[in-house]
Structure formats: C-alpha cells, structure tokens
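Here is the structure we will look at.
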Amino acid sequence: MRATALMAFASLGCAAAPALAQPAVLAPPGVSACSGCHVAPGAGVATTIPPIHGRDAAEIVAAMQEFRSGQRPATVMDRLSRGFSDDEVRAIAAWLSAQR
Amino acid sequence: MRVNRRTLLAGLAAAAAVPPLARGQDAARVVVVGGGFGGATCARALKAAGIGNVTLVEANPTYVSCPFSNAVIAGLREMEAQRFGYDRVRASGVGVVHAQATDIDAAARRVGLSDGTALPFDRLVLSPGIALRFDALPGYTEAAAEAMPHAWTAGAQTDLLRRQLDAMEDGGVVVMAVPANPYRCPPGPYERASLIAHYLKTRKPRSKLIVLDAKDAFSKQRLFQDAWAKLYPDHLEWVPLSGGGRVTDVDVSGRLLRTEFGEHKAHVANVIPPQRAAMVAQRAGVADRSGWCPIDPVTFESRLQPGIHVIGDAAITGAIPKSAFAANAEGKACAAAVAGLLRGESPPAPKLLNTCYSLVAPDYGISIAGVYRPNAAGLFADIEGAGGTSPLDAPPATRSLEARYAEDWFTTITTEVFA
C-alpha cells in the first residue's frame, strides 16, 4: 500500500527548470524548508523522497490532509503536516504547484 | 550611488533600526560569513531573491559535512562523500572569498578579512557555527584533542577518531564524554555511540563502549535506548548524569576520564566538549554571556548589533535544534527577511521546520521532526500537536525506510546547498 502510494506520488515528477530556490521572498511561511528533503526543480538528482514542486495544488492539499488525519501512511509527514492550518496548506500547495 | 547611500545613512545615523536602501535591492551588498549548511544556503537564496551583490566568506576551500560523519567514524562511509566545494555556489552568482573574517565593524558596516581586504555591507549574515570550549573541561585543551579527538567539527578529527578505532585491539574500551545542553546536533552523540557500538559488535566483539553523559535526558532517548537494548546489550553502556556520568576532567597521558564517581581508563577516548558560537560571533559582538547569539526570530537580526543577522548553530533559536536541516531552513528564511528589509518591507513571521534522522545501525533509522513559529517571548517555539519522534513500536520496514530517507535527505540538502 505504502509503496504504491509512494510510486504514484513519485511518478508525476516535475519538469526540469532553473536550479535551487525560487525567490523565497514570495513564498508562504514554512514552504522554503520543504526543499531540504524534497528535491527542488532542476537539481539533477533523484531520491526515493517524492518531488513536490510543480505538482497539482489540489493533490498536495489532499495529501497534506491525509497525512494530518493519519489516512496516508507516513514517516515524518504526519508529524510535520499537523503544524499547518488549512489556509497555510492551501498557500503552500499553490506556491509549490507554480514551481517548475 | 554609494555617495547617496552614505548621505542617507549619515542622516539617519542615530536610528536604531537599519533604514531600507534608497537604491533598491539590485545594488544592495550582503556579506555572508560561514559557508556551511546555513551560510551557503543563505548566500544562494539571497542571490535567487534578487540581491545584486552577495559575497560568501569562508576560510576553507572545501566544506566537510558533519551530518553522516558518524558513519565515517564507524567505517560505514568514506570521508570523500563528506566533502563539498564551492564551484557551484560561485556559478550561481555568489562571490566566494576564501579568507577569515578577522574584524567585523558593525557601525562602519564592513568586514575585515585575513587577506588584508575589507568588504562593505548593507546587511551582514553570520552563520559561523560553533567553537569548542577548550576552557570548559579541565585537561581538555586543543593539544589534548589530538590524542582524544572530539570529532565534533568534521575533517581531520573525524579521520583521527576512525583511525584510533581501527588501531584498537579487540577487547578495548572506548569512552565517550557527552556535554550538557546546548550543543551542536542534540542526537549526534547518541547516533555516534550507536554506530561505534555497531562497529565494535561486528568487528571487535570483545570490546565495549562507555558513554559518560552530563545529562539524564536526551533527544530521541526512548528510541535510542530501545534499539540499544535490542542491538547492543553487550557493547554499549550509557551512564547518565545521575549515575555519575558527568566528566569533570581528563588526563591525556593516562587516557583517563574522571567523573564525580570515579575514573574510566580508555583505549580510545572521544571527548565532546561544551561549545559556544564560533569566535567571529564574539568578535562581531553578537554573542551574549551564554556564548550564543540572541536574535529576532522574524528577521534573524541580532538583538545586540543592528544590521547583522545570525543563523545556524550559533544562534539562539529556542525550540529549534542546532541541526544542518534547521540551518538550511533558517538560511532560506533569513534570506527572505533580509531581501524584504532591503526593499523597506516588514517581513512576516516565518514558520520553520526541522527533521533530523539518526542511524542506530546501517539499516535502522529514527527521526525527530518539529514545526516552529516565533512566540510572545521572541523565541521559536514548537507548534503544539505537530512534530515528535518516530513511533517506538515501528516495524523493521519503517526503520529501514527511515535509514533510506536519511541518505536521501543528505543527497537533497547537499545538492541544494553545494551543487
């Protein structure tokens, strides 16, 4: 189950684009830390931690809600997702989805 | 332009706050001192945020990562995998100067360098890391560290401890001294103890590790102790403060570590001494009597020196641990705040994350995570209900997955910072 969810999450991938951090200036609070674990666009490496930049915003919101409620299996995302309100999650998802 | 800026500054010289730049951020000069996970991240993020002139000052041409250096000590990883250069940082548009910041003049807004030059700045970010306090543990001097390595700054010390373990005969006793809080990487000593125990169990099974601790409680304690009981019952003994664990002095020639309760003879001694913010923070006047640097958590600006920001292990960040993950997150948040200040804006309160993985064995990872925001007392505080450690009853597959994620985190963060 877990592996399937991960694969589905990972397979969406994201297109190559300029390297490293986008101007953190416009980023909503918290989101700039995501790229500590989730590879940012154009980094040129792949890991088993799924990329989240450039993903559909609704999908990110759904994933965060499922992490928070415990519906989606997780190692650390259950613990991290509980630190964000619905509004914050929506802002984070919108910003991430625009990073390509 | 510079004349205009100076004129403007002169007119506002008495103001406590640093005025925004009249000329805009394109021409702003930001100097970042310290090219580790915090500083290199911050320099690149400042450049990406549109700051025209970003200079990173770092004495060493090669960075040696502390994260994963415990695996090097235990023979599970090669030192080469810990080394990172600054070519890509330079290619991103950041000026990289390999020199020491010897003199920081907050009022004149300039950093004097060991090569005799000086860098003027509109804002300065210090990410200097730690200094080991060779005045804090009687007998433990810089010279003593050549016999009893601390290996708490990675590089030659990491190699030295690894070679000492390699050279030790089976049946030897390894003794670790662990300091009281605060220090760099709260779970680090316990990951190291785990991996040294793994080394002994698999390579020198008649040997033993004794961990002498100046604390009774530590990060991920139940997870570590649960794993130690299962994996290393014969190879790792942890002695807490209440059991006489606090090391009061060391005797290098006798290879002795003394506590209030007695003394321990070591074949290999790893002494992690108390720490404080690196020397440059003291020179800049941003460290307080605790030895660490108080900051405004919204902007990371020093509470002691306006115009100077402090991030990473050197800063007092409340509930946020002194970790590489946190330094990277702080570097990005600080860059956003500095760019905002240079545009004349008031930066919004940030939210920060931390995730720290520890390896208990090569295929056994555990983690602690947290989400933080500034509180009324002006410190970062945990957001209640969020964060915490891996579950105590997780199956082996989860431990294995977290070990994998630890590696993945290292790949990702070192790519973001140095590649």
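These numbers come from a predicted model, not from an experiment. Residue numbers start from 1 in every chain, and the chains themselves are labelled A, B, ... in the order their sequence lines are given, proteins ahead of strands.
- When each of B/Asn328, B/Val338, B/Thr355, B/Leu46 is scored by its heavy-atom pairs under 4.5 Å with chain A, the top score falls to B/Thr355.
- With a threshold of 4.5 angstrom between heavy atoms, B/Ala419 does not approach chain A through any atom at all.
- When every heavy atom of B/Ala333 is checked against every heavy atom of A/Ser32, the shortest pair comes out as N-OG, 4.3 Å.
- Annotation: B/Arg88, atom CZ; neighbour count of heavy atoms from other residues, nucleotides and ligands within 6.0 Å does not exceed 12.
- B/Trp409 and A/Ile49 get closest at one heavy-atom pair: N-CD1, 4.1 Å.
- In this structure, OG1 in A/Thr47 is found 7.5 Å from CZ in B/Arg404, a value given to the nearest 0.5 Å.
- For the set B/Pro391, B/Gly385, B/Ala349, the entry with the most heavy-atom pairs within less than 4.5 Å of chain A is B/Gly385.
- In terms of modelled atom types and a separation under 3.5 Å, the side chain of B/Lys351 and the main chain of A/Pro28 share no donor-acceptor contact.
- Residues that satisfy the ring-ring contact (aromatic ring centres under 6.0 Å, His included) test with B/Tyr357, not counting sequence neighbours, are absent from this structure.
- With a 4.5 Å cut-off on side-chain heavy atoms, B/Arg373 and A/Pro29 do not count as touching.
- If you take CG on B/Leu353 and CG on A/Leu80, they are separated by 5.5 Å, rounding to the nearest 0.5 Å.
- Listed here is the closest heavy atom pair of B/Leu401 and A/Thr75: CD2-CG2, 3.9 Å.
- Scanning residues 87-94 of chain A against chain B with a 4.5 Å non-hydrogen threshold yields A/Glu88, sorted by number.
- Closest heavy-atom contact between B/Phe325 and A/Ala33: CZ-O, 3.7 Å.
- Note: B/Asp408 leads B/Val371, B/Thr414, B/Asp408 in heavy-atom pairs under 4.5 Å with chain A.
- No hydrogens or angles considered: a donor-acceptor pair under 3.5 Å links the side chains of A/Arg79 and B/Ser367.
- Only the backbone of B/Asn354 comes within contact range of chain A, judged by heavy atoms closer than 4.5 Å.
- Neither the backbone nor the side chain of B/Ala326 has a heavy atom closer than 4.5 Å to any heavy atom of chain A.
- One distance of note links CD1 of B/Ile413 with OG of A/Ser35; it measures 8.5 Å at 0.5 Å rounding.
- Interface remark: B/Ile368 contributes backbone atoms only to the contact with chain A (heavy atom separation under 4.5 Å).
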